[in-house]
Amino acid sequence: MLSDAKSGTAGTTAATKDMNDVLSSDLNRTTIIVIIGVLLVLFLVIRSFWTPVFITASLVGAYFTAMFIINFIFLDLLGYAGISSFVPFFSFIIIVALGVDYSIFLMMRFKEYPNLSPQEAIVLASKHTGGVIISAVIILGGTFATLMPAGIVLLIELAVAVITGLIVLCFILLPIFVPALIALPDTLSSLVSKKKKENLVLEKK
């Protein structure tokens, strides 16, 4: 493959560049595979279409929020030259894997209230699973926090990313974002029905 090459590069910089390219390619491929896998699992467990989509969106949102925050902390505040190329890859895997577990806990409890409206069911499910999910996040957050005293930048960045992603997922996306999206279809349907009734009343007048 290199028989016709007239020049080349070697050393730490070239190796780092090749490693970054490989990790970026792997991250893109892994992201697609993981998202499709998560959707399929959620479709089988929850047996609905939109709820798995909403949950997957919350997981991806938690990941990108974590990436934004660690870039702000390490690049803007601390003045680092960049983020380790390993951090986005492993952060995505960990945040999504743990987030799926928490989401399934929530949705399995949600399915226990088939006689209630989606709004009431998701509120009850959040109340009953909130303590378990928060406890799990605290324990896992503390576990990843133990990586920080090691003084290795890669481990510190990874710990901050995972902890941030789990906090955002636990306290914002799962209790607020996902329930709001679950309640949205019924709310829109009610608004449309109300609008149709108003139009019929006006036509009769």
Under a single-linkage definition using a 4.5 Å side-chain heavy-atom cutoff for Ile, Leu, Val, Met, Phe, Trp and Tyr, are F74 and L154 assigned to the same hydrophobic cluster?
yes
Rounded to the nearest 0.5 angstrom, the CE-CD distance for M148 and E157 is 11.0 Å
*Is there a chain of hydrophobic side chains (I, L, V, M, F, W, Y, each step under 4.5 Å between heavy atoms) that links F105 to F54?*
yes
Same apolar cluster: L106 and I138, side chain cutoff 4.5 Å | yes
What one should report as the nearest heavy-atom pair of L140 and Y102 is CD1-OH, 2.8 Å
What about V132 and V123, same hydrophobic cluster or not, with Ile/Leu/Val/Met/Phe/Trp/Tyr joined at side-chain heavy-atom distances under 4.5 Å? no
Closest heavy-atom pair, I134 versus C170, reported as atoms and distance to 0.1 Å, is CG1-SG, 3.6 Å
Output for pair (L124 CG, E112 CD), nearest 0.5 Å, gives 10.5 Å
Rounded to the nearest 0.5 angstrom, the CG-CD1 distance for L169 and I55 is 10.0 Å
Check your understanding: Got a sec: does the CZ of F43 have more than 12 other heavy atoms crowding it under 6.0 Å?
Key -> yes
Closest non-hydrogen contact found for I95 with L59 is CG2-O, 4.4 Å
So CZ of F68 and OH of Y63: to nearest 0.5 Å the spacing works out to 14.5 Å
**Study point:** Heavy-atom neighbours of F171 CZ exceed 12 at 6.0 Å
**Key:** yes
I would like to know whether I163 and I167 meet side chain to side chain contact (heavy atoms under 4.5 Å, CB included); could you show each step before the answer?
CA-CA 6 Å; I163 292 171; I167 289 175; 3.7 Å; yes
Exercise for the section: Ignoring hydrogens and angles, tell me if any N or O in the side chain of S91 forms a donor-acceptor pair with the backbone of P88 under 3.5 Å. Expected result: no
Are the side chains of T51 and L42 in contact, using a 4.5 Å heavy-atom criterion? no
Nearest heavy-atom approach of F92 to T31 is CE2-CA, 3.7 Å
Would a hydrophobic clustering, with Ile, Leu, Val, Met, Phe, Trp and Tyr connected at side-chain separations under 4.5 Å, put I69 with I176? no
- [ ] Run the numbers on I94 and F144 for side chain to side chain contact (heavy atoms under 4.5 Å, CB included), then give the verdict.
- [x] CA-CA 11 Å; I94 295 171; F144 278 97; 3.8 Å; yes
To the nearest 0.5 Å, atom CZ of F177 lies from atom CG of L181 at 4.0 Å
Only one of V87, L147, I70 passes side chain to side chain contact (heavy atoms under 4.5 Å, CB included) with V160, and that residue is I70
Value for CD1 (I156) from OG (S84), rounded to nearest 0.5 Å, stands at 11.5 Å
Heavy-atom closest pair (P179 atom, L174 atom, distance to 0.1 Å) is CD-O, 2.9 Å
- Task: Go through F86 and L158 one step at a time and tell me if the side chain to side chain contact (heavy atoms under 4.5 Å, CB included) criterion holds.
- Result: CA-CA 8 Å; F86 289 92; L158 180 61; over 6 Å; no
Could you tell me whether K111 atom NZ has more than 12 heavy atoms of other residues or ligands within 6.0 Å of it?
yes
In sequence, state the C-alpha distance, the side-chain angles, and the governing distance for L78 and I73, and then conclude on side chain to side chain contact (heavy atoms under 4.5 Å, CB included).
CA-CA 6 Å; L78 300 180; I73 292 174; 4.2 Å; yes
